[in-house]
Each structure stands twice: as C-alpha cells, then as structure tokens.
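Values below: every heavy atom of this structure, side chains too, minus hydrogens, waters and symmetry copies.
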Amino acid sequence: MGLTKEYLRYVPAGNFNIVTSTNCNAVFVALNGQEGRYVAVGACEHVIVFDLRLGEKAQVLLGEKSPATFLCASPNKRNLAVGYADGIVQVYDLETAEVVCVFSGHRSEITTLAYDTYGHKLASGSKDTDVIVWDTVSEAGLCRLSGHRGPITQVTFMSQQPVLISGAKDSFVKFWDLDTQYCFKTLVGHHTEVWALTLVKDDKYLVTGSGDAELRVWKLSVRDVNGDEKPKIENISAQLELATLDENDDCSHPLQCHKACSLLRAGRGRVTSMVTDVSTQILGCQGTDAQIELFYFCTDDEAKARFKKRLRKERKKAEGEGEGELSSRDEIRRLTSLKLPHKPKHHHFAIGTGGELRVLVTFANNTMSLHTLKVHVKDAQAQCLRSIENLGHQSEVRSLSFSSDNLAIVSGSGESIKMWNRQTLACVRTVEVGYVLCTMFVPGDRHVLAGLKDGRLVIMDIAAGDVLEEIPAHSGELWSICLQPDMRGCVTGGGDQTVKFWQFELIADIKTESKAKVLSLLHKRTLKLEDAVLCVRLSPNGKFVAVALLDSTVKIFFADSFKFYLSLYGHKLPVLCMDISSDSTLIATGSADRNLKIWGMDFGDCHKSIFAHDDSITGLQFVPRTHYLFTCGKDGKVKEWDADTYNKIITLQGHVGEAWSLAVSPGGKHVVSSGADRVLRLYEKSDQPLVLQDEEEEERAEREGLATGEQTTVPGQPGLNLPSKKTIGSEKGAESILECLEIIDKYQEQLDEHAALQVNSSQTLPLPQPHPLMQAYGVTANHEFLFEVLKRIRASDLEESLLLLPFSSVCKILEMLPSLLLNNYQNELVCKIAMFLLKIHHAPIVANHALLSNLRQLNKLAMVKVEELRDMVGYNLYGLQLMQKEIEDRESIQLFKDATTKRKTGEKKRRQREKLKRSLITLT
C-alpha cells in the first residue's frame, strides 16, 4: 500500500542556553597541551568544554538522547569518560571529539566513574548497586562487583595496591581485591548513607563523608604477610579505633584499615561531594550550604615541624619538660573556607602556574566560576578570577518567541530577557527586567514586549538592549500577550480578570533631548471577565477573541463589540495554552488535565479530544498555513499533531523534567522549546519523509524495551556474573556471526563440489565465486571472512554476542580458530574468544570428543603465539630501557617525572645529612 499522506520530519538543530547541568559534575581537562584552562561540564546529553580564559565554548562532545550524569578525565588528560542516565559509559578523545569506546553494562544511571593510576582500568558505579571494572585497552569488561544494597555513590582505586574502594547509600564502604574479585573488608561505622569518599596523602588515609557533620579519617597500612609479628601502625591520634568488622571480612588480607580521627565540618547538611587535588594533599568538602571547606594534609616533614612547634608551646606554658605524640592537629590543617554567593552543585581542583590552587565551582543557577587560593599563605582568602554567567538564563525559561524573519529568538525567564541568533545560537542581548511570563516581537523586529509576573508590560529596544517603558498593565500576573491581526496593536490577559487592547504609537523620548520618537502603547479597550485570564488569542481574520479562564472554560467573544459568541467547555482542569489556526477554522486547547482538544470555530463543537501528554500541557502552537500543531507538557515531551486526521505525527527529543514553552517560526521551518533542564532545543524541518507506521513501530519498540538491559543468564553457571549486558549491538553482532557461518557452510559446499568435479575432469575448473558479502570484505577464505566479522563487533559487545550463539555455532568457530592463529590474525583477539568460549561452554565441549583433536591443536598454537607475544613485549621493554639509559648518560638527566622527584628528594636528604655533620663537627 502506498503512502496516503507524506509528512516531513523535524530534526534537532542545536541546543543553547545551557551552561552546566545540575545533575552532572565538572572536571578540568587538557586541550592543546594546556592544563588548568579548560573545563568539561555536562550540558544535558552533551558535554561542553569551556575555555575559562576566553569564557567561550572550546569544544562540544555530542551525546545522544540520555543526559550525562558523571564525568571523569583520564590520568593523561587525553580522554574523558562520560556516564549517562541510561547506564552507558562513553570514552571520548578530547583532541578529535570522537568516541573511542562504549561500555554497556549497567541497567540504570551512572553515578560515579574513576580511573586507576595508569588509566588502564575504569570503574563505574550505578544506581543498580553494582560496580563494574572495565579494561580501557581491550575495551571490554573485566568484572562485575556485586555486594552493595544501595546505589553506588563513589568509587576510587588505590595507587599502590590492586584494591578498589566503593561507597554506597547502604552506609557501607567496601574494599575489593581486583585480583580475586571479592570484598575482603567492609566498613560499617557509618550510621547514614556514605555520600563521598576519597584517598589522600598517597593512599595513606581514606576520608569518608556521610549525612552527619563528621568526616571520618581512616588509616590504611599494608601488613607484611611473610612476617611473623604484627607490624606497628603509626598513630595520628592518641588512640586508634578499630573499624567494626563485617562477618565476611578477611582479616588475613595485607591491607589493614583503622579509624584514625574525625574532622568536624562547619557546613550544614549532608556531604554532597569531596575532591582532592593532583597531589592528594588538599581535600575539598562540599555540603548543602553555600561554602566549600578545605583541608590540607601536611607532608611528614611539615607534620613533624608543626608537632615540634606545638610541643614547645605546651612546654613553655607548663614550664616543665614533657613528651607528646603526633596527632591529627599536626597532620591536618584547616584552610579558609570558600564562601560562595550561590548554592554550589559541584567543584573540582587544579594547580595553577604559580602553584596556587584553582577551584572550579558550578552552581545550581546555570553558572560557574573559577577561584584561586594560595594554600601556603596563612589565612589566605580565595579570589574569584572569572565567572561564566551571561551565556544562559539563571532560571527556567518560561516564554519563547520568534522574530518575523525567523532569524532571532527571544526568551524570558525568572530574571531576564535574552535575545539569541538562530543561526549561531549565540546570545546577542541580555536585559534584566524581572520574572517574565510571556514575550512577543513588535512588527519590524526592533522591539520586544514582555509581560511580567507583577503585571507590568515592558517595552525593550533590541538594538540598544534597554528598557524603553514599563507600563502597569494589570494588577495581577500578565499571563498572555498576542499580536493583533492588523499589526497595529496587541492584546494582553492577566490575573486581574481583564483582557486589555493596546495600540502601538510613537511618542517623543522624554529621557533624552533628541527629536527621535520611541515606541509606546496606548490603552484602548478593556474586556472584564468573571475569572482570571490564563491565555488570550485573536483569530487571524480579526473577528474573534478567545479567552481561557481559570474555571476550565474557553470563552469566545466578537473582537469589535465584545459580544459573547461561544463557550468551549469540557476540560476538567484549567486551559493553560491554546492557539487558532491561520484560516480561523480550528482552535486547539491544551489543559492541565493532559488532554488536547480540537474545536471548530463555527459552532464550537469538539472535533476530537486526545490524551496527549502524561502531565499538564504547557505549550501549544499551530504551524502557519497548516493544520499541524506542536505541543509540549510537563512530561518533558514535544509532539507534533495533525488536526485534520487527529494523528500524532512524531515525538521529538524532549527535555529532562518539565517542558514549559515552545514557539513555531512564522515560516514553519523551525521550532524551539524550553524546559526545566535549562536547555533551549531548536528543531528544523528537513527533507526527510516520515511514515506514521514506522514511527509507531519505533515508539512501540522503545516502550517494550527491545534492549531490556538485563544481565544474560548462562545455563548451568549461575555464579557467572558478566560485566556486560544484552544490548541491541550484541544482538546484531550475534546475527552477523550466524549469517557468516551460514555463508561459510554454503561456500564450503560449493568448494567441495568443485573439488569432486575437478577429480573427474582433465581440465582446470575455475573456483566458484565467493558470496557478495565476502567480496565486499575483500576475502576469499572462510577463516578470513569469520575474522573480519568478529573484528567488526564492538569490543564491549563481543562477549554478549558470543553468549547468544547456539552450541553448534560455537563448535564451528572453535574449528576455525586454529587457522586464524596459524595466519597471525590478531592473536590477542583470537585467544580471548577461545578462552571465553571454553569458559562458558566447558561442560558440553569436554563431553564432545569430536573437538578433542581441535582443542589440542588450539592449545598448542595458543601457547606458541602467547610465547611469541611475551618475547616481543620483553624485547621492546628492554630495548626502551637501554635507550633510556643511553639518553640519560648522554644528556646527564633522568627521564620521567617520578625519577626526577626521587632524585630531588635524595639530594635534599643528602644536604640535610651534610648540614647535620657540619653542626656536629662545629660543636666538637
């Protein structure tokens, strides 16, 4: 059946107004080899890299539909791991802004990410209570750590031990041994949720924060497992309080943990986040109030100096000799707290060029600022270097309007009006006026009218960016404003139960002495009603005025005489938005009862009532010269409808949270919407045709959850807990493998027939043509075709794809793996596939004697190839070490930062010893 009606698709054309999302953190990143200048922040589904020096966007990492929830930069600052609300983790290359790899293993929102010291492992925590460790080199999951009974709040790797520490809302802190993949210690001393944890002073201490006003400091020490005696643990307080042990704790593990002391916070509320600098000596703690507390963990030499100074003061005060011991007062120094003007959401540290501490703070009002603090100066105050405020509204946008030439967009929020260039999505003007409820361009696009919550009607000059006049139009809220069809005036409706008609006029400018005239409004008529007016619209033919009242009805009057014409009743809750088609035949109303009703303007009959949104409908507008209309609601969705057939055309990518307003351009080519996520989304009409049946099938597939995200169960192996999950990519990978094996079987049959014919023929027969798919891959052999198919499956989906295969297909793959090893086709990948298949299908493979000879050959070849790889790695390692030694001898330097630091520390100790020797010689 052919297409009965063709629609054109609206596609996303850009997001703007967003500076930083409140539900995502911010991290310093390096671009062009510069650190401390660029910062990455989450901006709904995208990630924006800002240049703090210029206050502009340096790069945008494009996401898909799910908003970003957590960011983590790799140790080398080249990659950025981004966790999303749908459980996906994507790793981006900051130089090219491309996705390096994708990890899919969680079933819900990512709450935390952490790299290990070398960036080879990435740990992710989620609301599904699981922690997954990923291998960033092989782009696959290593293990899934299950044990917490609440959402994971933070994870961190130890730098010297193969240990991962995780905290969750179940009030537990767990220590995981990555070699054995089990939890060997659980800290149960917290009474409420563990909201943050971090390692300080090179893994010497673990600091945890919960819902109380106390930061707990835990001393970590490594016990010598070969020693007979229990090692002595250095105390930082008078008495060490042993951590309460869980019944499953392993007391024989080398890593020991004891509670050292507690730090009393000055802030109110729970701990929201804790961050350390690169040296792990400065700790920043953020609560629910408008301050960030800073703590400095002194080095051993600084702690001893502070201890001796304190001991001298105590002796002088007591006038006697005495001894003391190192306490937390000597090792931990409280710095000046960072007082902020607004409530912070996240913060991050970086070290500046002069050694000062740079603190980036993101706020809940869509702004961020950069502060600097001199740590080693006593009682130093933090200074604000720069802030990014004017790139977006600081509150939710409640009104949107297009200019008549489709080139400009005006938006109004709780504090200001902003003018945007539609092509560049840049902010052109910002005017502080107050709480804006509605906006409108004046014909000529030189002025903007704005209705405020206090009833004022503001006239703004776009070119000057100034308010020309403020008219007290209504005594209540000014909810709605619309242009008259003759373009000579406007109509306003307010909460004072009146609808007022205004006429444009030019008056002399009182503020200046120039003879130029400025725009003003002259009040002409007033229509008084029985209830508050929520929305007002004039029909394009100029005959009728429609008014939506608080009593859930819409009343239509004659525009010239105000004589009552029709009453539209049927909504159970007030009508929040409405619009009249350009031919004045239809009126559509959207209500808080979630229904969209389409009425006829001739008799006022309801043509159709549609349950349009899952929450209140907040915006509605017809596309000019059509009967198509757009709606948005508090469910965050933006939808397009056909008012003639009453069909939903498409559901556009909406907002996270409520959607408050939308506007359609006069040409009908663009649509813009605003929401609680502070994002203004622009949609553009494309040339792509749209079929309603296809859209319905896609939406049905999303509702049913084609990729449910559930972990795959392995028959006979209930203990197997894979880090990956079943996704659409893994299903497509399994389908491609099955198709490949089917093609291989058919081609092998053709080759066998060709060989049989060749035996009986005296002439050389041509080989059969390979399958077109094999020709597309550029291969002629079966094993080469299998390798090309396996290589094209995403690394994070490979295990799940192999898990979906039937055992017969597994046997065919195992038979061809020796051929791949013989021809050196990425031996690491082939060995990985072989080990995984043997682990999953161990029992049936052992029972199948037909595979015995094949497995022996595979074992022998794998051992030989692994030995070759190990020899190659060893040869390269020692070759690099030889080159390093030759360069160091020739240049008289030590390569790498840790070697240089070690040399400087040794020279400092040597100078101190020589100084002490000289002092002893002088005394003798």
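- In this structure, Arg9 pairs ionically with Glu695, as a charged nitrogen and a carboxylate oxygen lie closer than 4.0 Å.
- Side-chain contact between Leu94 and Lys77 is absent, with no heavy atoms from C-beta onward closer than 4.5 Å.
- Under the 3.5 Å distance criterion, the side-chain polar atoms of Thr22 are left unmatched by any main-chain donor or acceptor of Ala364.
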ring-ring contact (aromatic ring centres under 6.0 Å, His included) assessment of Tyr10 paired with Phe630: CA-CA 11 Å; Tyr10 282 82; Phe630 284 90; 5.0 Å; yes

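- Aromatic ring pairs are classed by plane angle as parallel below 30°, tilted from 30° to 60° and perpendicular above 60°; the pair His393 and Trp420 is tilted.
- The pair Asp593-Lys597 fails the salt-bridge criterion, with no side-chain N (NZ, NE, NH1 or NH2) lying under 4.0 Å from an Asp/Glu carboxylate O.
- Formation of a donor-acceptor pair under 3.5 Å by the Glu415 side chain with backbone atoms of Gln394 is found in this model.
- The backbone N or O of His474 lies less than 3.5 Å from no partner atom in the side chain of Asp496, so there is not a single donor-acceptor pair.
- Counting only distance, with no hydrogens or angles, the side chain of Ser399 and the backbone of Thr439 share a donor-acceptor pair below 3.5 Å.
- Considering only heavy atoms from C-beta on, Val491 comes within 4.5 Å of Val499 through its side chain.
- With respect to Glu684 and Arg422, no salt bridge is recorded, no charged nitrogen being found less than 4.0 Å from a carboxylate O.
- Arg37 and Asp51 are joined by a salt bridge, as a carboxylate oxygen and a charged side-chain nitrogen come within less than 4.0 angstrom of each other.
- Between the Arg681 side chain and the Gly654 main chain, a donor and an acceptor come within less than 3.5 Å of each other.
- Side chain of Ser416 to backbone of Thr430: no donor-acceptor contact under 3.5 angstrom is found.
- Not one N or O on the side chain of Glu45 forms a donor-acceptor pair closer than 3.5 Å with the backbone of Leu62.
- Side chain to side chain, His346 and Ser273 fail the donor-acceptor criterion of an N or O pair below 3.5 Å.
- Between His348 and Phe28, the ring-plane angle classifies as tilted under the 30° and 60° cut-offs.
- The residues Glu699 and Lys648 are annotated as salt-bridged, a charged nitrogen and a carboxylate oxygen being separated by less than 4.0 angstrom.
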